[in-house]
Asks: 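I'd like to ask you about the structure that follows.
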Amino acid sequence: MNNYGNFNLYDVLQSERPEMLIQHAKPFSELMMHYKCAIQEVETKLNVLNNEYSLVYNRNPIESIKTRIKKPLSIINKLKRKGFPLTIESIEQNLSDIAGVRVVCSFQDDIYKLAEILAKQDDITVLEVKDYIQNPKPNGYRSLHLIIEIPIFLSHKKKPMRVEIQFRTIAMDFWASLEHTLKYKKQVDNPEDIAEMLSSCAETINDVDVKMLEIRNMINKLEI
Ligand code: 0O2
């Protein structure tokens, strides 16, 4: 039992008693602040690598970095969906994607290189790897997901925090963003046709990614 205590998050959010919200808002905000710090640590590491690449190899492997903290309602819904207790402790123990970092890379090989370099850093522990590039989801989704643990240094303690890092190319990000938007549109008459078209688009996008890498390698060979 940690010093956050054990209470039901859903009750707190549903509660019409403001004092209850105020009482429990602090430990929740504190935990979210810890996740935010972990995100900052990861982002700094990635920026350092990008700067180094830029100087040594004259190119940036990272196109952009997006970060997010999962919203309170999404946290509650996920805990409920998975049958976990709705407590602060449960968030830390059972959810790995409260802190999310999305790294959009120029080329597919940059994804694996960056993931390998990060994984080797001695303050990072890789807890889980999901390679949806080698093994795309049935709908065509491609990305490399890493769940890592990284320490944050607070005034009186060092605390390991879990962060989900998603690596994708610009092309994969384009597909995933549009697919995500389309998911929330109203019911369609022909879901199978749409799923097939989306999956086919993902294949086409992957072919483009592979060709772009080939072109880069051909140009690099000429430069040597
Ligand atoms: P958001 O809005 O990004 O928070 P798990 O976390 O293990 O319980 P799952 O689905 O097995 O659940 O995790 P996985 O496969 O690692 O995927 C987690 C995240 O990857 C999702 O987060 C999405 O950001 C992204 N993702 C996974 N599959 C798809 C997909 O088919 N399409 C798109 N566009 N994104 C996907 P959240 O929590 O769903 O959403």
Side-chain angles (χ1 to χ4, degrees), residues 9-10 13 28 31-32 34-36 38-40 42-43 46 62-105 108 111-112 114-115 118-119 124-150 160-188 191-206 208-209:
L9 275 173
Y10 190 69
L13 282 179
F28 183 78
L31 180 62
M32 293 304 117
H34 294 167
Y35 281 116
K36 201 169 161 214
I39 283 179
Q40 285 170 348
V42 172
E43 207 176 357
L46 289 164
I62 301 175
E63 192 65 32
S64 65
I65 301 173
K66 299 166 198 167
T67 66
R68 70 110 180 83
I69 297 281
K70 212 173 185 70
K71 293 197 180 84
L73 208 56
S74 302
I75 295 175
I76 289 170
N77 287 338
K78 190 158 190 177
L79 287 174
K80 280 170 78 181
R81 202 171 61 241
K82 299 206 159 210
F84 293 125
L86 301 178
T87 64
I88 297 270
E89 274 184 333
S90 172
I91 296 175
E92 285 202 87
Q93 275 165 16
N94 299 313
L95 301 187
S96 302
D97 65 341
I98 304 298
V101 177
R102 187 168 291 157
V103 190
V104 178
C105 295
Q108 285 195 8
I111 290 177
Y112 291 102
L114 285 169
L118 263 193
I124 283 187
T125 308
V126 178
L127 302 178
E128 194 181 347
V129 178
K130 288 187 197 167
D131 190 344
Y132 295 124
I133 299 174
Q134 291 302 312
N135 307 295
K137 285 198 167 181
N139 63 357
Y141 177 77
R142 285 171 171 80
S143 284
L144 177 70
H145 293 190
L146 256 56
I147 305 291
I148 61 144
E149 205 167 63
I150 186 166
M161 300 298 300
R162 267 187 270 171
V163 178
E164 182 190 73
I165 313 179
Q166 299 180 350
F167 292 93
R168 6 173 122 146
T169 59
I170 303 165
M172 291 171 197
D173 191 48
F174 160 74
W175 183 93
S177 304
L178 290 185
E179 192 262 359
H180 189 262
T181 317
L182 292 170
K183 257 187 205 167
Y184 295 99
K185 297 287 174 208
K186 57 178 185 266
Q187 289 290 81
V188 288
E192 293 89 6
D193 292 348
I194 290 186
E196 210 176 297
M197 283 166 82
L198 272 170
S199 161
S200 154
C201 283
E203 289 287 336
T204 308
I205 277 171
N206 185 57
V208 173
D209 255 345

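Sequential numbering from 1 along the given sequence is applied to the chain's residues. Counting starts at 1 for both ligands and their atoms, in listed order.
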Asks: Using a 3.5 Å distance criterion without hydrogens, assess whether the side chain of Ser200 forms a donor-acceptor pair with backbone atoms of Glu196.
Replies: no

Asks: Please compare Lys71, Arg142, Gln166, Glu128 and report which has the shortest non-hydrogen distance to atom 23 (C) of ligand 1.
Replies: Gln166

Asks: Only heavy atoms of Lys137, strictly under 4.0 Å: list the atoms of ligand 1 that pass.
Replies: 10 (O), 15 (O), 27 (C), 28 (N)

Asks: Run the numbers on Val129 and Leu144 for side-chain contact (heavy atoms from CB on, under 4.5 Å), then give the verdict.
Replies: CA-CA 7 Å; Val129 178; Leu144 177 70; 3.9 Å; yes

Asks: Of the non-hydrogen atoms in Ile133 and Gln108, which two are nearest, and what is the gap between them?
Replies: CG2-OE1, 4.2 Å

Asks: For Glu179, counting its heavy atoms only, list the atoms of ligand 1 lying under 4.0 Å from any of them.
Replies: 30 (C), 32 (N), 33 (C), 34 (N)

Asks: Give a yes or no on whether a salt bridge exists between Arg142 and Asp209, defined as a side-chain N under 4.0 angstrom from a carboxylate O.
Replies: no

Asks: Number the atoms of ligand 1 from 1 as they appear, then name those within less than 4.0 Å of a heavy atom of Lys82, with their elements.
Replies: 5 (P), 8 (O)

Asks: Going by the atom numbers of ligand 1, which of them fall below 4.0 Å from some non-hydrogen atom of Lys70?
Replies: 4 (O), 38 (O)

Asks: Which of the numbered atoms in ligand 1 are under 4.0 angstrom from any heavy atom belonging to Arg102?
Replies: 3 (O), 24 (O)

Asks: Output yes when a side-chain donor or acceptor of Trp175 lies under 3.5 Å from a complementary backbone atom of Gly140, and no otherwise.
Replies: no

Asks: If you count the atoms of ligand 1 from 1 in the order shown, which ones are under 4.0 Å from a heavy atom of Ala176?
Replies: 34 (N)

Asks: If you measure from the Lys or Arg side-chain nitrogens to the Asp or Glu carboxylate oxygens, is any gap between Lys66 and Asp173 under 4.0 Å?
Replies: yes

Asks: At a 4.0 Å threshold, what atoms of ligand 1 neighbour a non-hydrogen atom of Glu164?
Replies: 16 (O), 18 (C)

Asks: Please confirm whether Tyr132 comes within less than 3.5 Å of ligand 1 when only nitrogen or oxygen atoms on both sides are compared.
Replies: yes

Asks: Could you verify whether a donor N or O on one side chain and an acceptor N or O on the other, from Tyr132 and Arg168, lie under 3.5 Å apart?
Replies: no

Asks: Could you tell me which atoms of ligand 1, counted from 1 in the order shown, lie closer than 4.0 angstrom to a heavy atom of Asn139?
Replies: 30 (C), 31 (O)

